[in-house]
Amino acid sequence: MKIISHRGNLVGPKSCQENAPLSINKAIELGFDCEIDLWVDNSIRFLLGHDFGEFEVKFNWLKERQEKLWIHCKNLKALEILQSDAKDLNFFWHQNDDHVLTSKAIIWSFPGKPISSQAIAVLPEIWDSYESESLKDSYGICTDYPLKFDQSLNGSTLS
């Protein structure tokens with residue numbers, strides 16, 4: 001099962017500087033995948049941030065971490081650039097859709113929506129409808145608490 005750090009968080013929402021390259025690197029160093037929010041501006045700068053582009057990264061930064069990143073395209077320009085120039089990256093676009101497919105054909109389920117063995121359950125910690133048994137059967141989870149979920153689901157002793 002994949003455990004994906006939501007925006008680089010490890011022990012709760014905003015437990016780090018969300019979407020900051022250092023936070024993302026830390027989550028990856030600990031063995032987690034990481035969901036990031038990506039904007040591309042009119043100058044074709046790659047910017048990480050939830051509500052707006054805050055942290056500039058180079059395209060190479062994304063490529064070097066491609067096996068661990070789940071890239072949430074936050075604007076159409078980001079989606080267009082990745083679709084045309086970066087098909088090997090794992091990216092997706094959604095707002096309030098129940099489910100979307102990532103570019104790697106993995107189902108990304110909106111928080112609180114039904115999950116399956118082929119889906120990522122997003123933020124299960126905030127939805128009572130997710131039970132630990134159904135989580136264990138999912139493809140993975142995206143959470144603000146990857147350390148806690150890793151310990152409870154996999155018996156890991158990371159701290």
Side-chain angles (χ1 to χ4, degrees), residues 1-40 46-57 61-62 64-75 78-79 82 89-159:
M1 163 190 277
K2 293 260 183 210
I3 298 179
I4 304 165
S5 167
H6 184 237
R7 303 180 190 151
N9 287 315
L10 293 171
V11 293
K14 300 185 185 206
S15 62
C16 67
Q17 194 170 10
E18 292 189 342
N19 281 298
L22 288 175
S23 300
I24 293 159
N25 287 340
K26 178 67 173 177
I28 290 171
E29 286 170 18
L30 289 173
F32 300 111
D33 283 15
C34 196
E35 180 267 346
I36 61 172
D37 298 317
L38 179 71
W39 300 81
V40 175
F46 295 87
L47 304 159
L48 303 179
H50 180 66
D51 294 321
F52 56 90
E54 189 174 359
F55 305 100
E56 185 173 1
V57 294
W61 186 90
L62 298 170
E64 289 166 358
R65 292 155 183 81
Q66 71 184 23
E67 297 300 319
K68 293 291 196 173
L69 294 180
W70 297 71
I71 303 169
H72 181 180
C73 296
K74 299 298 278 187
N75 65 348
L79 189 61
L82 296 189
L89 295 175
N90 189 18
F91 58 93
F92 62 97
W93 163 278
H94 83 98
Q95 288 181 304
N96 295 316
D97 308 286
D98 288 359
H99 308 281
V100 297
L101 281 177
T102 72
S103 60
K104 300 289 184 184
I106 305 297
I107 300 167
W108 190 266
S109 296
F110 195 77
K113 299 302 177 185
I115 55 174
S116 74
S117 62
Q118 299 173 38
I120 300 295
V122 178
L123 300 178
E125 61 267 20
I126 64 172
W127 299 98
D128 293 334
S129 62
Y130 288 132
E131 298 176 13
S132 61
E133 285 309 308
S134 63
L135 286 179
K136 287 181 182 178
D137 293 334
S138 68
Y139 185 85
I141 60 170
C142 178
T143 176
D144 286 321
Y145 299 89
L147 291 171
K148 174 183 154 188
F149 276 95
D150 187 48
Q151 185 172 16
S152 67
L153 294 172
N154 299 322
S156 173
T157 56
L158 286 175
S159 58

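Just the heavy atoms: all of them, side chains too, but no hydrogens, waters or symmetry mates, feed the values below. The residues of the chain are indexed from 1 along the displayed sequence. Treat the numbers as computed from the prediction; the structure is a model and nothing was measured.
The shortest distance between side-chain heavy atoms of W61 and I24 falls below 4.5 Å.
Put simply, the side chain of E35 never gets that close to the backbone of I4: no donor and acceptor are under 3.5 Å apart. Under a 3.5 Å cut-off, the side chain of W39 and the backbone N or O of G49 do form a donor-acceptor pair.
The minimum heavy-atom distance between V100 and W93, with the atom names listed, is CG1-O, 3.6 Å. Minimum interatomic distance between T143 and L123 (heavy atoms only, all atoms of both residues): CA-CD2, 4.2 Å. The two residues L48 and P21 make their nearest non-hydrogen contact at CD1-CG, 4.3 Å.
Interatomic distance, NE2 of H6 versus CD1 of I141, reported as 12.0 Å (0.5 Å rounding). To the nearest 0.5 Å, the span separating OG on S23 from CG on L10 amounts to 8.0 Å. The distance from the NZ atom of K74 to the CG atom of L47 is 13.5 Å, given to the nearest 0.5 Å.
For E64, the CD atom is densely surrounded, since the number of other residues' heavy atoms within 6.0 Å is greater than 12. Within 6.0 Å of CG on L22 lie no more than 12 heavy atoms contributed by other residues, nucleotides or ligands.
F110 does not carry K113 over the face of its six-membered ring by the limits of under 6.0 Å from the centre and within 45° of the normal.
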